[in-house]
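Reading through the structure tokens given below for one structure.
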Amino acid sequence: MSAPATSSGPEITVEIDALAPGGDAVGRQRDPETAPTAADGRATFVPLAAPGERVRARVVRAKERVAWAELVAVERPGPARVAPPCPIFGACGGCQWQHVGGEAQRAAKKAIVERALGAGGPVDVGEVVAASAPFGYRDRAKLTVGPGGTLGFHGRRSHDVVDAQACLLFGPELARALPALRALARGLPAGTELDVQAGAEGVHLNVSHTDATGAGHAKREIDRLNAAGIVGLALAGKPTLGAAAVNASEEGGAALPVPAGAFAQVGRAANAVLVKTVMAAVGPSPGVVLELYAGSGNFTRHLVGVATAVHASDAEPAAVERGKSAVPGAAWALRPQAVAADTVVLDPPREGADGPSLTAALRASRRVVYVSCDPQTLARDARRLEAAGLKLAAAVALDLMPQTFHVEVVATFDRGGR
């Protein structure tokens with residue numbers, strides 16, 4: 001087994017121990033044929049390797065105690081290795097772990113979460129919940145037009161566009177729309193971005209980072225796009241033709257209108273599991289709820305049914321306006337509201353909670369339910385919460401995005417908890 005290496009650095013042997021946050025595998029440099037050297041035993045990150053393997057890799061960057069390398073060959077395959085089904089896996093940056101079986105992926109995510117949250121003592125998150133099918137789960141995506149009208153995703157560790165004639169992660173609506181999107185791309189300048197969001201009515205499309213010629217071309221293509229299930233077109237986020245948004249709600253849930261390019265969970269089936277997990281953590285009688293980073297109202301729709309009152313906020317004005325329309329029973333604002341909250345629910349971006357939001361969360365009288373897409377920033381914010389007397393009571397890890405390193409965590413912090 002081999003993969004192209006892209007550096008003229010030295011070749012090394014690495015015994016792979018685990019999968020690491022960010023998607024690389026990590027192990028230790030070993031050279032069984034020579035005496036130990038200064039670099040022997042150095043931690044080394046190698047993308048596309050799998051746990052339990054011995055690999056040859058070429059160093060691209062190194063420090064005294066850590067190095068980064070590109071895979072040259074797998075000398076001893078590990079038990080978790082599988083044949084990746086996508087022909088552009090490894091070149092495309094969308095997936096990192098297609099070469100690793102699902103059970104091993106979830107085991108790695110469990111270890112990553114527990115290690116991040118375990119600074120103050122051992123943490124057991126239980127089994128990672130398989131919230132999505134292994135493939136075909138994506139309802140939203142961002143594609144980029146490449147040179148010559150190709151369409152695809154940015155390459156692994158590159159801004160180059162890898163042409164994607166298909167994507168195995170796409171759900172049925174996006175898969176149906178992709179040929180029409182590729183036809184559209186042939187008339188658009190390189191660098192144009194196509195955001196797509198599938199919902200109950202079909203697919204919404206947002207065309208951004210294009211010029212006037214590209215915008216005109218997109219409008220002229222609307223009939224072809226409609227025939228492929230695309231029901232609305234926006235240009236640089238401004239509704240232009242057809243539907244202004246699609247209902248991205250989970251099956252059976254209250255309506256959640258979301259346009260392409262706005263934040264929504266990766267898929268409706270995964271979102272159903274996430275919502276259920278969050279509401280279980282909130283509990284049946286959460287009192288007054290302060291919701292931070294509420295987006296368009298994904299959790300708000302459900303919180304208003306159990307809370308005494310819900311005060312929801314988000315820094316994006318368009319999201320707040322959608323939230324007001326979708327969940328008028330909540331009080332909406334653009335910044336955290338100064339209310340005496342019993343329960344705080346927050347779902348920050350990957351960089352974690354900002355200062356004002358975290359300060360507001362610290363004032364919860366009973367409980368904080370923190371929804372995180374990055375265990376490292378969750379761990380950082382957890383230290384602040386625990387210092388304020390909110391102790392980690394439970395954490396549930398959800399695998400919303402198989403074949404990638406991403407993991408969602410719903411962490412519950414109780415006032416005076418353990």
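Keep in mind that what you see is a predicted model, and the values were worked out from it rather than measured.
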Problem - Heavy-atom side-chain proximity of Val59 to Trp68 below 4.5 angstrom - result: no

Exercise for the section: State, without any angle test, whether Gln105 and Gln403 hold a side-chain donor-acceptor pair at a distance under 3.5 Å. Expected result: yes

Problem - Residue pairs involving residues 196-207 (criterion side chain to side chain donor-acceptor pair (under 3.5 Å); sequence neighbours excluded) - result: Asp195-Asn206

Problem - Within-4.5 Å side-chain heavy-atom neighbours: Pro51 and Arg81 - result: no

Problem - Neighbour count above 12 (heavy atom, 6.0 Å) for Arg76 CZ - result: yes

Exercise for the section: Test Thr404 against Trp97 for side-chain contact (heavy atoms from CB on, under 4.5 Å), laying out the working first. Expected result: CA-CA 5 Å; Thr404 79; Trp97 290 355; over 6 Å; no

Problem - Residue pair Val231 / Val203, side-chain heavy-atom distance below 4.5 Å - result: no

Practice task
For Ser325, enumerate each residue passing the side-chain hydrogen bond (donor to acceptor under 3.5 Å, both in side chains) test, keeping only those at least two apart in sequence or located in another chain.
Solution key: none

Exercise for the section: On the 0 to 90° scale, with breaks at 30° and 60°, tag the Phe153-Phe170 ring pair as parallel, tilted or perpendicular. Expected result: perpendicular

Practice task
Please examine the side chains of Val246 and Val258, heavy atoms only from C-beta on, and report whether any two atoms are closer than 4.5 Å.
Solution key: no

Exercise for the section: Could you grab the distance from atom CD of Glu291 to atom CG of Leu346, nearest 0.5 Å is fine? Expected result: 9.5 Å

Problem - Polar contact flag, side-chain donor to acceptor under 3.5 angstrom, Ser249-Arg301 - result: yes

Exercise for the section: Tell me yes or no: between the side chains of Arg28 and Thr44, is some donor less than 3.5 Å from an acceptor? Expected result: no

Exercise for the section: State, with a plain yes or no, whether a side-chain heavy atom of Val396 is found less than 4.5 Å away from one of Val129. Expected result: yes

